[in-house]
Amino acid sequence: MQLIRGIHNLRPLHHGCVLTIGNFDGVHLGHRAVLRQLQQKAQDLGLPACVMLFEPQPLELFGDQQAPARLSRLRDKYQALQRMGMDRLLCVRFSAAFAAMEPEQFIRRVLVEQLGVRYLVIGDDFCFGRGRRGDFAMLQAAGREFGFEVVTTASFCLAGERVSSTRLREALRLGQMDAVSEMLGQPYALTGRVAHGAKLGRTIGFPTANLHLKRRVVPVSGVYATEVLCSGHLYYGVANIGTRPTVNGQRPQLEVHIFDFSGDLYGKQLCVRLCHKLRDERKFESFAALQAQIREDAQAARHFFGLAATPIDANGTQD
């Protein structure tokens with residue numbers, strides 16, 4: 001899949017496509033239904049399937065600290081869209097200047113002249129341009145004028161409820177990981193490169209791989225039973241996501257202890273799937289109390305995955 005960073009990088013060879021526009025945060029089953037619809041039309045017309053999304057996401061620019069937690073980074077979206085078989089990803093820098101573009105200018109300059117859109121899949125509540133004047137009706141009228149078809153995204157429902165990024169965030173907040181997995185078609189995952197940490201875990205028999213979460217707001221926190229993908233191998237473990245208040249941590253971090261693993265993970269890319277929430281993060285009165293809770297969390301995670309419990313010696317550490 002080709003990644004085009006910015007409208008200024010569009011070239012004549014990019015003219016002619018079928019297109020959808022959105023945040024695609026989480027790339028959930030609702031998004032995937034839209035992408036399959038786009039892909040089918042691309043095949044029918046013999047044109048590339050193109051996705052346009054924005055960085056930062058619009059509410060991150062306008063809402064600042066009030067913006068909702070981001071479900072997926074650009075890297076995660078790219079990989080998910082690539083797996084879906086999209087041909088191109090156009091990542092548009094969302095700025096105050098771009099948001100102030102007249103909607104008619106966006107249609108004529110970007111959709112018609114640069115992209116040569118033949119088929120557009122868009123939400124019927126999509127608004128764009130200065131004062132959010134651009135809407136579905138304007139796009140339909142432009143389609144009739146310039147010769148492209150505009151269709152709305154049909155809502156994808158599970159158990160009678162619409163699947164959306166907002167609903168996903170709420171399920172994550174409540175720790176409803178089964179519902180999250182249903183909406184995503186897989187467990188929710190966080191990815192990142194392993195960095196050096198304080199190395200406190202190894203002193204109590206629970207060494208952890210540490211991933212710094214480079215997000216304004218993290219959509220999850222607490223302790224989870226996890227699956228860990230690394231270099232094509234699947235492992236099981238237990239992870240804490242949060243600020244680590246017992247050791248006076250400040251920024252959000254993911255720490256994952258991988259069961260029955262030995263080796264150097266520094267610098268490696270991990271995908272940590274959150275399969276089951278065990279508890280909320282909390283501050284303990286002592287490091288010893290935290291150590292005892294970590295032992296319980298690890299055994300609970302092993303039980304969730306049907307793994308044999310690890311024997312504990314008289315000093316309270318793993319054999």
Side-chain angles (χ1 to χ4, degrees), residues 19-39 49-84 86 89-94 99 120-128 132 134-136 151-192 213-222 224 241 252 254 271-275 277:
L19 178 71
T20 186
I21 306 173
N23 288 323
F24 291 92
D25 197 16
V27 195
H28 52 64
L29 292 185
H31 293 143
R32 295 185 190 189
V34 170
L35 296 171
R36 284 193 295 271
Q37 179 182 355
L38 189 75
Q39 195 172 43
C50 182
V51 175
M52 181 191 296
L53 55 75
F54 307 104
E55 285 290 335
Q57 295 181 170
L59 286 178
E60 291 172 345
L61 177 69
F62 294 127
D64 195 24
Q65 297 303 317
Q66 302 303 314
R70 176 180 285 230
L71 297 171
S72 49
R73 303 175 304 163
L74 176 60
R75 177 192 178 99
D76 304 322
K77 294 179 186 181
Y78 177 90
Q79 292 177 338
L81 293 169
Q82 185 178 49
R83 287 193 296 269
M84 286 290 297
M86 296 299 103
L89 172 58
L90 173 57
C91 180
V92 177
R93 173 174 166 72
F94 195 83
L120 176 64
V121 185
I122 203 72
D124 58 11
D125 58 350
F126 179 67
C127 295
F128 61 99
R132 293 171 58 83
D135 58 13
F136 185 76
V151 297
T152 184
T153 58
S155 295
F156 185 89
C157 296
L158 283 172
E161 289 191 68
R162 177 175 174 266
V163 175
S164 68
S165 298
T166 299
R167 188 178 164 210
L168 258 173
R169 291 187 192 94
E170 180 64 8
L172 285 169
R173 186 185 69 80
L174 296 173
Q176 299 171 343
M177 306 313 290
D178 287 343
V180 169
S181 294
E182 286 183 3
M183 286 186 275
L184 289 174
Q186 60 191 13
Y188 180 71
L190 293 167
T191 61
L213 302 174
K214 299 175 182 179
R215 304 166 185 239
R216 291 188 186 182
V217 185
V218 180
V220 287
S221 67
Y224 297 82
I241 303 164
L254 186 158
C271 174
V272 182
R273 295 173 177 165
L274 309 183
C275 300
K277 186 168 184 177

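Start at 1 with the first residue, then count along the sequence.
In this structure a side-chain-to-backbone donor-acceptor pair under 3.5 Å is present from Tyr188 to Leu71. The closest donor-acceptor contact from the side chain of Gln186 to the backbone of Arg273 lies at 3.5 Å or more, if one exists at all. Side chain of Ser72 to main chain of Gly26: a donor-acceptor pair is present (N/O by atom type, distance under 3.5 Å, no hydrogens or angles). Checked by atom type and distance alone, the side chain of Ser165 pairs as donor or acceptor with a backbone atom of Asp25 at under 3.5 Å. The main-chain N or O of Leu172 is never found under 3.5 Å from a side-chain atom of Lys277 such that the two would form a donor-acceptor pair.
Remark: Gln79 pairs with Arg75, Arg83 by the side-chain contact (heavy atoms from CB on, under 4.5 Å) rule, at least two apart or across chains.
When all heavy atoms of Pro187 and Ser181 are compared, the pair lying nearest together is CA-OG, 3.4 Å. Contact record, Ala69 with Arg169: O-NE, 2.6 Å, taken as the closest heavy-atom pair. The two residues His28 and Leu168 come nearest to each other via the heavy atoms CB-CD1, 3.7 Å. Considering every non-hydrogen atom in both Arg32 and Met84, the closest pair reads O-CE, 3.7 Å. Here the shortest heavy-atom pairing between Met183 and Ala171 reads CE-CB, 3.9 Å.
Looking at heavy atoms from C-beta onward, Thr191 lies in side-chain contact with Arg73 at the 4.5 angstrom threshold. Counting heavy atoms from C-beta on, the side chains of Leu59 and Asn23 never come closer than 4.5 Å. No side-chain heavy atom of Leu38 sits less than 4.5 Å from a side-chain heavy atom of Cys50.
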side-chain contact (heavy atoms from CB on, under 4.5 Å) assessment of Leu81 paired with Leu53: CA-CA 11 Å; Leu81 293 169; Leu53 55 75; 4.2 Å; yes
side-chain contact (heavy atoms from CB on, under 4.5 Å) evaluation trace for Ile241 with Leu274: CA-CA 10 Å; Ile241 303 164; Leu274 309 183; 3.7 Å; yes
Test side-chain contact (heavy atoms from CB on, under 4.5 Å) applied to Ile21 and Leu120, step by step: CA-CA 8 Å; Ile21 306 173; Leu120 176 64; 4.2 Å; yes
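Distance check: Met52 CE to Leu19 CG gives 5.0 Å after rounding to the nearest 0.5 Å. One distance of note links OG of Ser164 with CG of Leu29; it measures 12.0 Å at 0.5 Å rounding. Taking OG1 from Thr20 and CD from Gln39, the interatomic distance works out to 12.5 Å, rounded to the nearest 0.5 Å. Distance CZ/Phe54 to CG/Leu90: 8.5 Å, rounded to 0.5 Å. One finds the CD atom of Glu182 at 11.0 Å from the CD atom of Glu161 (value rounded to the nearest 0.5 Å).
Between Arg173 and Glu170, at least one side-chain nitrogen of the basic residue sits less than 4.0 Å from a carboxylate oxygen of the acidic one, meeting the salt-bridge criterion.
The aromatic rings of His31 and Phe24 are tilted relative to each other, their planes meeting at an angle between 30° and 60°.
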